[in-house]
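Note that these values count all heavy atoms, side chains included, but never hydrogens, waters or copies made by symmetry. Ligands are counted one by one from 1 in listed order, and the atoms in each one are counted from 1 as well. The structure displayed is predicted, hence computed values, not measured ones.
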Amino acid sequence: MLTVKAFVFSPVQENTYVVYNEKNDCCVIDPGCYSGKERKELQNFIQENDLSPKYLLNTHCHLDHVFGNQYIHDQYGLLLHIHPEETRVLAYAPVSGTQWNLPFENYSGKLVYLNEGDVIRLGEDELKVLFTPGHSPGHICFYSEAEQIIISGDVLFRKSIGRTDLPGGDFETLMHSIREKLYMLPDYVKVYPGHGETTTIGYEKKHNPFVAIN
Ligand SMILES: [Zn+2]
Ligand SMILES: [Zn+2]
């Protein structure tokens with residue numbers, strides 16, 4: 001069984017997720033912790049719940065999702081897992097950091113690449129990688145069929161969608177990802193997005209004004 005803990009971090013208000021099972025194995029997805037206080041909050045949660053971090057994962061590598069990568073790497077010795085197409089987005093993140101007046105230390109360890117259909121295993125529990133480009137070129141989502149949850153990054157939000165005006169973004173590609181990947185999942189699948197509150201696939205099919213079905 002998987003439990004999802006959400007944190008809202010940084011001036012960008014990004015959702016960082018710790019996903020863990022009853023054996024206390026966990027993965028850290030999109031650690032957006034920026035300040036020392038936020039890093040401490042994440043670390044305290046892991047410590048207080050006696051969790052063993054096994055994976056460091058990014059849905060994509062925009063600034064707000066990568067602030068804490070190096071910290072998690074240093075703290076727990078984890079290598080960053082991303083889609084190959086995000087390598088250049090990650091390399092560009094410090095440049096946007098300077099532009100946004102949010103300088104940070106970028107991840108400098110080795111990269112492990114994830115592709116469509118790969119499976120992240122936490123003991124018996126699995127998160128399947130779905131390739132969902134459009135908001136960024138190598139965006140991926142992490143889906144648990146057993147738990148009916150998806151960590152969706154910046155693809156689909158409650159009654160909204162990810163922006164497509166950033167480098168490597170493309171509106172039609174994003175629509176294709178939502179329709180062909182996310183909307184193919186059962187209606188009751190719970191969506192944990194990169195910003196804002198959780199939603200479900202069924203709710204978005206009914207209420208999302210940006211995605212026309214047909
Ligand atoms: Zn993004
Ligand atoms: Zn974001």
Practice task
To the nearest 10 degrees, calculate the angle at the Zn ion (ligand 1) involving OD2 of D154 and NE2 of H60.
Solution key: 90°
Practice task
May I ask you to decide whether D165 forms a salt bridge with R163, counting only side-chain N to carboxylate O separations under 4.0 Å?
Solution key: yes
Problem - NZ/NE/NH1/NH2 to OD/OE distance under 4.0 Å, E85 and R88 - result: yes
Practice task
Please answer whether the main-chain N or O of P31 pairs with a side-chain N or O of Y71 as donor and acceptor at a distance below 3.5 Å.
Solution key: no
The Zn ion (ligand 2) contact by [X], N, O or S atom under 2.8 Å:
X	value
D30	no
D64	yes
H195	yes

Fill in the blank from the handout: Tested for ring-ring contact (aromatic ring centres under 6.0 Å, His included) against F67, the lone hit among F104, W100, F7 is F104
Exercise for the section: Flag H135 as yes if one of its N/O/S atoms falls below 2.8 Å of the Zn ion (ligand 1), otherwise no. Expected result: yes
Handout entry: Heteroatom test (N, O or S) for H62 near the Zn ion (ligand 1), limit 2.8 Å
Key = yes
Exercise for the section: State yes or no: are the ring centers of H139 and H65 separated by less than 6.0 Å? Expected result: no
Problem - Output field: ring centroids H60/H83 closer than 6.0 Å - result: no
Fill in the blank from the handout: The N/O/S atom of H65 lying closest to the Zn ion (ligand 2) is NE2
